[in-house]
Amino acid sequence: MLVIAIAATTACAAAAAPAPAPASASPVGGRLHLGVEVAARWFAYSDPLKIATNLRPYDVVGVPMLSLGGEFQPLRWTGVPVLADVGITGEYTFAPRLTSAVTEGRDIETSWDRGNVGLRVPIRLGRGERAPVVAPVVGYGWLDFSFQETGPLAAEIPTVSYRLVRVGLDGRIPLARPLTLMAAFSYLEPVEGGALYARFRDATIGGIDADLGVAFALTKGAEMSLSFGYTRFFSTFVPVPGDAYVAGGALDQFGSVKLGIDYAP
Amino acid sequence: MPRDQRALRRALASAFLPLVLTLLAAGCPGRLEDPDRFLDGGGFTCPDIVNELFPKSCGGTICHEGAEPAAGLDLIAPGVVGRLVDKMGRDCPGILVDPMVPESSLLYEKLQPLPSCGSPMPIGKPTLTPDELACVRDWISAQMPTGGAAGEGGGT
């Protein structure tokens, strides 16, 4: 549904001429973002070999995470519609403390973080400050989920280090004041997957990422947001008899509830 | 909001619905074809080394095939056995196929993850499974020694 929302805003692109970027005293623009999340990961193999003992699923829910990010608009001074709003974005999110429990054995210290940098081109679909905005986004991101384990178990747990190219759209549709609907969808093209995928023959990985939420304007330039995020990596393996690891593929899902505050000076 | 804009939004939203469904459907993990072949007794049999494994893993014009094969070693043209058994490697030291000591054969060693000379083979193709490696070793040991007449040849 969130893509439909974005599509709906896109529909107005041809119907309404973009308004000039708002006049600003500063030659550049931007915003800062601080957030907290409660996140989860669900990992499972698809068609694992029934007799395999080295294909462990993994689940964790309720992980607190902290997020810091922002957007820098270096071309605000031009005053040219669209160009003036082009932004360089960045965000880093990490779990300050996480341990994983093993069915038999001690807990394992676990590290989870992700980040991205990108280029965002907001297009205002109408006139005035309350016009919907849709923004193509392209960027590079990473997501690391690793375990401080060096024993035999290390070869069985889902350590991943995704390095990926992100292409997508995000959008903002003003609702009744002071609320704004936020939605985003990206296709992720992982260029690297990490230790888990190196175990399997001919692994191919794809991914999608979606966010849906609501922003609440606090004062001019400041807003609070509540959103739901979902990231899904799907992979296919091509094992042959004799391989140490045999499964058809894997599904690695990440979800989170995000509470954030944005400030645009 | 003008009515035509709403209609346009609805139309485009409808158009995007199949796209969303396609993206979601494409987001599924792979399935394992014929799982029984991975189980014990699933019937793994050694491939024909010369006619199946060499063409699959070593063939190609920039590999060990054609007029100018890598390391001067053609593993595809007829007469492979004669070019391998008791012949010295060109770029790496050692006997290509030594039926008396199969695991010391250069051909077998180059299929290991860390060969003592050069890069592990095959390059750009899936590495051999332990079962396939065992097949290669057994194939080497099954060859008839030529009496030690090591001469021209190539490396893997």
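Residue numbers start from 1 in every chain, and the chains themselves are labelled A, B, ... in the order their sequence lines are given, proteins ahead of strands.
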Peer 1: Closest approach of A/Asp202 and B/Pro126, non-hydrogen atoms and distance?
Peer 2: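 Answer, listing the atom of A/Asp202 first, then B/Pro126: OD2-CG, 3.9 Å.
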Peer 1: Heavy atoms only: give me the nearest A/Val240-B/Phe38 pair and the separation to one decimal.
Peer 2: C-CE2, 3.4 Å
Peer 1: Take atom CD1 in B/Ile62; do more than 12 heavy atoms of anything else shown fall under 6.0 Å from it?
Peer 2: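 No, the 6.0 Å shell around CD1 holds no more than 12 heavy atoms from other groups.
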Peer 1: Who among A/Gly206, A/Pro239, A/Pro48 has the most heavy-atom pairs with chain B under 4.5 Å?
Peer 2: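 Most heavy-atom pairs under 4.5 Å with chain B: A/Pro239.
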Peer 1: Checking B/Leu133 against chain A: side chain, backbone, both or neither under 4.5 Å from a heavy atom?
Peer 2: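 No part of it gets close to chain A.
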Peer 1: Holding to side-chain contact (heavy atoms from CB on, under 4.5 Å), I want the full list of residues that pass it with A/Pro178, two or more places apart in sequence or in another chain.
Peer 2: A/Phe216, A/Ala217
Peer 1: Would you name the heavy atoms of B/Pro29 and A/Thr236 that are closest together and state the gap between them?
Peer 2: C-OG1, 4.3 Å
Peer 1: Can you tell me if A/Arg201 uses its side chain to pair, donor with acceptor, with the backbone of B/Thr127 under 3.5 Å?
Peer 2: yes
Peer 1: Which salt bridge (Lys or Arg N to Asp or Glu O under 4.0 Å) pairs, counting each pair once, include a residue from residues 180-191 of chain A, with sequence neighbours left out?
Peer 2: none
Peer 1: If contact means a heavy atom pair closer than 4.5 Å, which residues of residues 39-47 of chain A contact chain B?
Peer 2: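 Expected list: A/Ser46, A/Asp47.
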Peer 1: Is there a side-chain contact between A/Pro241 and B/Thr129 in this structure, where contact means two heavy atoms from C-beta onward sitting under 4.5 Å apart?
Peer 2: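 They are not in contact (no side-chain heavy atoms under 4.5 Å apart), so the answer is no.
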Peer 1: Can you pull out every salt bridge (Lys or Arg N to Asp or Glu O under 4.0 Å) where at least one residue sits in residues 132-145 of chain A? Sequence neighbours excluded, please.
Peer 2: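 The answer is A/Asp144-A/Arg163.
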Peer 1: May I ask you to test the B/Cys28-A/Arg232 pair for a side-chain heavy-atom distance under 4.5 Å?
Peer 2: yes
